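Working notes for the structure below.
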Amino acid sequence: MDESSLGGIPGRCPYLPISEHGLIGDLRSVALVGSDGTIDWYCCSAFDAPSVFASILDAGQGGCFALAASAPARTKQFYFPDTNVLITRFFTEDGVGELQDFMPISAKSVEAERHRLIRRVLCVRGTVPFHARVAPRFEYGTKPHTLRMVEESAVFESDDLSLGLSSTVALHADDADVVTDFKLSEGESAVFALDRVSDDVALRSCPSQEAEQQFSATVAYWRRWLSASTYRGRWREMVHRSALTLKLLTYAPSGAIVAAPTTSLPEQLGGERNWDYRYVWVRDAAFCVYALLRLGFTSEADAFMKFVTQHIAPGDGKPSGPLQIMYGIDGRTDVPERVLDHLEGHNGATPVRVGNAAANQLQLDIYGALIDSIYLYDKWARPISSAQWDDVCALVDWVCENWQQPDEGIWETRGGRKNFLYSRLMCWVAIERAIRVANRRGLPADLMRWQGIRDSIYRRIMSHGWSDACQAFVQHEDGEVLDAAVLMMPLSKFIAPTDPKWLSTLDALTGDLVSDSLVYRYDPRASPDGLRGDEGTFSICSFWYVEAMVHAGRLEEARLAFEKMLTYANHLGLYAEEISHTGEQQGNFPQAFTHLALISAAFNLDKALG
C-alpha cells in the first residue's frame, strides 16, 4: 500500500509487510527502509555480514533505525526519478515532511570502507515534529555494545564492529541507544549520517551542505549509470527499476551478484521455508548477466566474468565438476548453514537461518545457465579469451560425462535426488551453446562427441520427459508431476514454441499451476520436497509463463498476464520471491531472479508487439 497510518513511532506495528519496504545501497551492502521511515534491515559492511538492524526478523531484539514524524501521519514512498535514492513523505495535520535515504557510491577505498548511510530530513510545508531512535543490535542481536557520546556524535562499539552516528540535531543517550526529538519548519532540514568507524576510518560529521552535495552526487551516479540502457519499450519505468535493483544487488569489489539481500523472510507465514539468499547463486547471477546485457550494461557482465574466471571456472587446481551451486560474495566456498534460535522470525516464522546447506547439493542445471551467459557475453559484449575457452571446454567435457546423474534440481528440494527434466534440459543448453561458440569463432573442440551427447540428451528428454497421461512434459523422468521449470524449454530454444507437444504442455501448466497469471513452481503434495507447508506462486515462473506465451504467439494473453503481474509489485516496483494467495509478497526481498525475468519478458513482449 502507498499510504499508511504508521508514521508515529509509538504504536508502530511490530512487523511491516515485506512489501512495505524500499531498498538503498552502496554496491557492497543494502538497507531496507520501511514505508514508515524505519530501517528494518542493514548488514554492515557487506551483504552477508552479520546484521546491525534486523527488526524485520525480530521486532524486539533485532535492532532498528527509526526516523519519522512524531505526530499522526500518512506516509508515501517513492524513488527519486531514475535513481536508488529513496524518498519517504510524511503528511501531518500541520505540515509535510520528507526523508531522503541514500548511501553514497565512492571509488575511494577509505570512503567506500566508511559505508556511509545518510538520512536527510526536510520540512517542505508547515511544521513537522520528528522523533528518531537508533538502536543497533550487533551480530544478529547477539553481541552487546557500548555507547560513547563524542561532541555532536555517538559511537556504538562492539567487539568486531563500531558505528559512528553524527547529526545536525542534538542526540541523547538512552541506555546503549540514541534518541532525539526535534521540530522542523518549512525550508529547514536535519541530517543523520551512520558510518562504519575503525582505526583506518575516522569518525566524521556530515554538515547539511555536505549531505546536499552527497545527495546530488548520488543522484548523478545512478542517472549516469542508467543512461547506458538501450531499452525504449512500453514498460520503461518497470524495466529500469528492475535494472537499478539488479545493480544494487552487485558486490563491486568482486563482481558478484547476490540472489537477494535478505535472509529468512518466509515463503509462507509461520512456515519453515526460510532461507539465506545473500550469496552468489551461479544460476541466478548468470541469468542476471543475460538481463543486463539485454539492456546494454556490459561492465557488470565484465565484472561477473572475472568472478567466474577467478572463483568458479576450472584451473588453478579447481575441478571442472561438480561445480558448487553458490559462493560467498568474495568467492569463498564455505557457507555453512546454522539456525539463530534467539530470533523469533518475521511475524514468528522460524527458523531464522544464516548460511545455506544447499551449497552442497548437486544441481546440473547451473552448467547450462553459466555457459549460456558466457555464450551471450561472447556474442553481445566481447569475445572470450583462449583461457576462458579452455575453461568452457573442461566444463562441457564434465557435463558430457555426468549429465545422466540424478540431482536435487533447480528448486533445491530436500526430498532426494531425481532425474529432473530441467537439469537434463540445461545440460543440453550447456553443450549446445558451447557448440555455437566453437562454430562461430572457429575454436577447437571435440565437436563430434559434443554433438552426439547433445543429441542423446534431446532424445532422452523427448522419450522419458514426456507423459502421455498428462499430455505434457513433466518434472522428472517417467513421472506425472507438472513443474513450471519446463517453461524454459522454448525459451532456451530446445523445442519450437508452437510444437504440438509444447502447446499441450503449456495448456496443462495453465490448467494446473496458473492462478490469475501467477504460476506455482509445482505442487509439493504431488511431489514431496522434504519440507512442511505450502508456498506462494513463484514470480520468476510467472514471467517465464508470459514469455512462453509470447513465443507461442498468444500475445493478447501474454500482455494481459504481464500487466497483471505488474500489479503485484510493491509501491516502488519491487518484488519478493513469491506472492501469497491474498496477493502479499513472500520470501526474500527483493529477489534478483524475479527482476531479471521481468526484464526478459518485457523485452520479448515488446519485440513481438512491434
Side-chain angles (χ1 to χ4, degrees), residues 281-287 289-290 293 305 308-309 312-315 318-325 362-380 383-410 417-466 473 476-477 485-497 499 502:
W281 264 255
V282 174
R283 175 197 311 112
D284 298 41
F287 282 153
V289 169
Y290 161 77
L293 282 173
M305 284 300 136
V308 169
T309 300
I312 300 175
K318 297 190 296 294
S320 53
L323 293 181
Q324 187 160 308
I325 71 162
L362 175 65
Q363 295 179 21
L364 297 175
D365 64 278
I366 65 174
Y367 283 85
L370 179 59
I371 294 178
D372 189 47
S373 72
I374 294 171
Y375 157 74
L376 294 171
Y377 178 79
D378 182 82
K379 181 179 179 181
W380 293 343
I384 61 172
S385 68
S386 56
Q388 288 172 319
W389 177 244
D390 289 342
D391 291 338
V392 169
C393 291
L395 294 171
V396 172
D397 286 340
W398 191 91
V399 172
C400 288
E401 292 291 334
N402 293 276
W403 68 269
Q404 297 187 64
Q405 290 190 56
D407 69 348
E408 277 86 5
I410 180 176
R417 294 182 177 180
K418 295 184 176 69
N419 293 314
F420 288 106
L421 184 151
Y422 183 80
S423 299
R424 300 282 186 269
L425 169 68
M426 296 308 287
C427 286
W428 179 90
V429 168
I431 301 171
E432 199 274 339
R433 298 303 191 267
I435 291 171
R436 288 193 190 195
V437 176
N439 286 331
R440 186 166 56 82
R441 295 270 310 275
L443 295 171
D446 191 352
L447 288 178
M448 292 288 288
R449 178 171 180 256
W450 287 5
Q451 289 168 353
I453 294 174
R454 176 199 63 185
D455 296 346
S456 295
I457 298 173
Y458 175 90
R459 295 190 183 98
R460 179 69 172 257
I461 291 173
M462 297 302 288
S463 61
H464 292 271
W466 171 262
F473 291 102
H476 55 82
E477 289 188 357
V486 305
L487 287 163
M488 280 297 293
M489 294 179 75
L491 307 189
S492 64
K493 297 180 171 57
F494 176 87
I495 193 169
D499 186 290
W502 172 250

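A quick note: this is a predicted structure, and the numbers were derived from the prediction, not measured.
Inter-residue side-chain proximity for Asp365 and Leu425 is flagged as unmet; no heavy-atom pair is nearer than 4.5 Å. Counting only heavy atoms from C-beta outward, the side chains of Arg459 and Asp455 approach each other to under 4.5 Å. In this structure, the side chains of Arg283 and Ile325 stay at 4.5 Å or more apart for every pair of heavy atoms. Annotation: side chain of Leu293 is not in contact with side chain of Lys379 (no heavy-atom distance under 4.5 Å). Residues Leu323 and Leu395 form a side-chain contact, since some pair of their non-hydrogen atoms from C-beta on lies under 4.5 Å apart. For the pair Pro383/Arg440, no side-chain contact is recorded, criterion being any heavy-atom separation below 4.5 Å from C-beta on. For the pair Ile384/Tyr377, a side-chain contact is recorded, criterion being any heavy-atom separation below 4.5 Å from C-beta on. When side chains are defined from C-beta on, Trp450 does not count as touching Val399, because their heavy atoms never get closer than 4.5 Å.
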Working for side-chain contact (heavy atoms from CB on, under 4.5 Å), residues Leu370 and Tyr375: CA-CA 9 Å; Leu370 179 59; Tyr375 157 74; over 6 Å; no

Test side-chain contact (heavy atoms from CB on, under 4.5 Å) applied to Phe473 and Tyr422, step by step: CA-CA 10 Å; Phe473 291 102; Tyr422 183 80; over 6 Å; no

Ile374 and Gln388: CA distance, side-chain angles, deciding distance, side-chain contact (heavy atoms from CB on, under 4.5 Å) verdict: CA-CA 9 Å; Ile374 294 171; Gln388 288 172 319; over 6 Å; no

Chi angles and distances behind the side-chain contact (heavy atoms from CB on, under 4.5 Å) call for Ile371, Val429: CA-CA 8 Å; Ile371 294 178; Val429 168; over 6 Å; no

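Note that OG of Ser386 and CZ of Arg441 are 9.0 Å apart. Values are rounded to the nearest 0.5 Å. Taken to the nearest 0.5 Å, the SG atom of Cys427 stands 7.5 Å off from the CH2 atom of Trp398. Here the NE2-CZ distance, from His476 to Arg424, works out to 12.0 Å after rounding to the nearest 0.5 Å. Interatomic distance, Met489 CE to Asp499 CG, rounded to the nearest 0.5 Å: 8.5 Å. The line from CZ of Arg460 to CD of Glu477 is 4.0 Å long, rounded to the nearest 0.5 Å. Here Ile312 contributes atom CD1 and Asp391 contributes atom CG; the two are 11.0 Å apart, rounded to the nearest 0.5 Å.
For Asp372 (side chain) and Gly368 (main-chain N/O), no donor-acceptor pair under 3.5 Å exists by modelled atom type. Distance alone, capped at 3.5 Å, is enough to place a donor-acceptor pair between the Trp389 side chain and the Pro444 backbone. Side chain of Glu408 to main chain of Leu362: a donor-acceptor pair is present (N/O by atom type, distance under 3.5 Å, no hydrogens or angles).
Nearest heavy atoms, Ile366 versus Gln324: CD1-O, 3.8 Å. The two atoms that bring Gln404 and Asn419 nearest to each other are O-OD1, 3.8 Å, heavy atoms only. When all heavy atoms are compared, the tightest approach of Tyr367 to Gly321 is OH-CA, 3.0 Å. The nearest pair of heavy atoms linking Arg449 to Cys400 is NH2-CB, 3.7 Å. When all heavy atoms of Asn402 and Gln405 are compared, the pair lying nearest together is OD1-NE2, 2.7 Å. Taking both residues in full, the closest heavy atoms of Ala369 and Ala286 are given as O-CB, 3.3 Å, listed atom of the first, atom of the second, then distance.
Note on ring orientation: taking the six-membered ring where Trp is involved, the planes of Tyr458 and Phe494 are tilted (angle from 30° to 60°).
A salt bridge is absent between Lys493 and Glu432; no separation between the charged side-chain nitrogens and carboxylate oxygens falls under 4.0 Å.
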